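What follows is a set of notes on a single structure, which appears directly below.
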Amino acid sequence: MAKRYSKEFLKMLRNEIPIAILICDLLKLENKVSEGYFRFSCPICSGFNTATSQKTNLARCFRCEKNFNPIDMVMEVKRVGFIDAVEYLNEIVSCRSELKKMFAENELEFSLNLFESI
Ligand SMILES: [Zn+2]
C-alpha cells in the first residue's frame, strides 16, 4: 500500500526548506545570479529563464511555464516518484542542525539575490 501523508505534513515539507537552498545546496543544480536575480538551470529545459520566490517558496521556469514546489523539484531533478521525493525532503528536515548551519552561511547571500515576486 502507498503511504499516505497528511496535508499538514506535506505543507510543512514544502515550506520548511527554502527553495533556493534546495536548488543550490541540496540538489546542486547549476545556478547563477543574473541582473541581480538568482537563476537556476531548469531541470526540464536546462534554460536559465527561471526565478524563485521566497514568499511562496516556489521556483518557476518561464520557458516551460512551470512552477516547481520543493517536492516537484526533487521529483524532476532526481527522477523519482512522489513518495521518494517526500522521504528525501523529510530526511533533510529531520536533520535540522545541518539545515540551520546552511542558513547561517547563506542567509545574507540569498536575501540579496532572491527574486521576490514571480
Ligand atoms: Zn524549463
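Note that the structure is a prediction, hence the values are computed from the model and not measured. Values below: every heavy atom of this structure, side chains too, minus hydrogens, waters and symmetry copies. Every number for a ligand or one of its atoms is a count from 1 in the order of the listing.
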Task: L13 CG to K11 NZ distance, which is reported to the nearest 0.5 Å - done: 13.0 Å

TODO: Kindly give the heavy-atom pair with the smallest separation between V86 and F9, and that separation in Å.
DONE: CG1-CE2, 3.7 Å

Task: Point-to-point distance, once rounded to the nearest 0.5 Å, from CG of L27 to CZ of F40 - done: 10.5 Å

Task: Under-2.8 Å neighbours of the Zn ion (ligand 1), protein N/O/S atoms only - done: 4

- [ ] Give every residue pair that meets the side-chain hydrogen bond (donor to acceptor under 3.5 Å, both in side chains) criterion with at least one member in residues 71-83, sequence neighbours excluded.
- [x] N69-D72

Open item on the list: To the closest 0.5 Å, what do you measure between CG (L29) and CZ (R39)?
Closed with: 15.5 Å

Task: R60 and its side chain to side chain donor-acceptor pair (under 3.5 Å) partner, picked from T50, N49, N67 - done: N67

